[in-house]
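Structure first, commentary second.
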Number of protein chains: 2
Amino acid sequence: MSSTYKDKKVISIGITSELTGLSERQIRYYEERKLIFPERSKGGTRKYSFADVERLVDIANKMEDGMQTFEIRKEEMKKSDVRDKMLRGQLNAAFKMRK
Amino acid sequence: MSSTYKDKKVISIGITSELTGLSERQIRYYEERKLIFPERSKGGTRKYSFADVERLVDIANKMEDGMQTFEIRKEEMKKSDVRDKMLRGQLNAAFKMRK
DNA sequence: CGTGTAAGGAATTCTGACACG
DNA sequence: CGTGTAAGGAATTCTGACACG
């Protein structure tokens, strides 16, 4: 929405590791489990955004609470599902008004 | 001032090059000429912030206009000089009020 | 002065696998 | 399941220098 830098994927995994306190192994594993989606450089190195860093800290907290990766992923799917439904509702309402 | 990510030095020189359109050689040279001040990782690799990226784009524009590096640096010194004077003025005024 | 480039080396990152549990 | 680690290789970055102008 805003024109900040929060969503630009420009941070390497090493820096991301420092910023989050997670090991590179953990970060790569969370990607494997579809919890985080870095971009890649031409050469194949991962690039994260500050939003990703925040998300990783959030994941770290949930893992500490004993939550498992698939539960965290499910939770996320629920959120986007709700957003989808809300969006569909909006579109629907707009469509009805056109009649 | 604000709690954004604009000033965190987390971007490698390769990404910085892509974001600014400048070559790594140019970016390193502007550092040599004291126009930009990246941080370093333990290993010695340079790290830039989004603010640095903006500054580099600004430098690039001035170079295009035919300005030389020492002029750009001088311009910058003038700015901080003005800020210093304003700050001193503020402090001075505050001090006088105390009397 | 500002920038390109080849050179050699060091730091960073990648993947797939074994280990533990 | 989640994470550490050693392994071998590839991508990235670093410095100092030569070149051109």
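Chain identifiers are assigned alphabetically (A, B, ...) following the order of the sequence lines, protein sequences preceding nucleic acid strands; residue numbering begins at 1 within each chain.
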Side chain of B:Arg28 only, please: which of D:dT15, C:dT13, C:dT15 is the nearest?
D:dT15

Shortest side-chain distance from A:Gln26, nucleotide among C:dC14, D:dC14, D:dT3:
D:dT3

Look for any protein N or O under 3.5 Å of an N or O in nucleotides 5-10 of chain C and output each such pair with its distance, or none.
| from | atom 1 | to | atom 2 | distance (Å) |
| --- | --- | --- | --- | --- |
| C:dT5 | O4 | B:Arg25 | NE | 3.3 |

Using the closest heavy atom to pick a nucleotide of DNA chain D for each, name whichever of A:Met63 or A:Gly44 lands nearer the 5' end.
A:Met63

Could you pull out all residues at least two apart from B:Tyr48 that satisfy ring pair (Phe, Tyr, Trp, His ring centres under 6.0 Å)?
none

Presence of A:Ser41 side-chain N/O under 4.0 Å of D:dT12 phosphate oxygens OP1/OP2:
yes

Residue pairs, two or more places apart or on separate chains, that pass salt bridge (Lys or Arg N to Asp or Glu O under 4.0 Å) and touch residues 12-22 of chain B:
A:Lys42-B:Glu18

Looking at A:Ser49, is its backbone amide N or carbonyl O close enough to the side chain of A:Asp52 to form a donor-acceptor pair, meaning the two atoms are under 3.5 Å apart?
yes

Please identify each residue that fulfils side chain to side chain contact (heavy atoms under 4.5 Å, CB included) with [X], with sequence neighbours left out.
X	value
B:Asp7	B:Ala51
A:Lys34	A:Phe37, A:Arg73
B:Asn61	B:Val57, B:Glu64
B:Thr69	B:Tyr29, B:Tyr30, B:Arg33, B:Leu35, B:Met63

Check DNA chain D for consecutive Watson-Crick or G-U pairs with both distances under 3.5 Å and list the runs of at least three as stems.
C:2-5 with D:17-20, C:17-20 with D:2-5

One pair to check against salt bridge (Lys or Arg N to Asp or Glu O under 4.0 Å): B:Lys62 and B:Glu76. What are the steps and the verdict?
CA-CA 12 Å; B:Lys62 288 175 179 165; B:Glu76 213 55 26; 5.0 Å; no

Rounded to whole Å, CD of B:Glu39 lies from P of D:dC14 at a distance of 14 Å

Contact list for DNA chain D against [range] - heavy-atom distance below 4.0 Å:
range	result
residues 12-22 of chain A	none
residues 30-37 of chain A	A:Tyr30, A:Arg33
residues 48-62 of chain B	none

What about B:Phe70 and B:Ile27, same hydrophobic cluster or not, with Ile/Leu/Val/Met/Phe/Trp/Tyr joined at side-chain heavy-atom distances under 4.5 Å?
no

Could I get the full list of side chain to side chain donor-acceptor pair (under 3.5 Å) partners for B:Arg28, not counting sequence neighbours?
B:Glu24

Drop me the distance from A:Glu75's CD to A:Met67's CE, to the nearest 0.5 angstrom.
5.0 Å

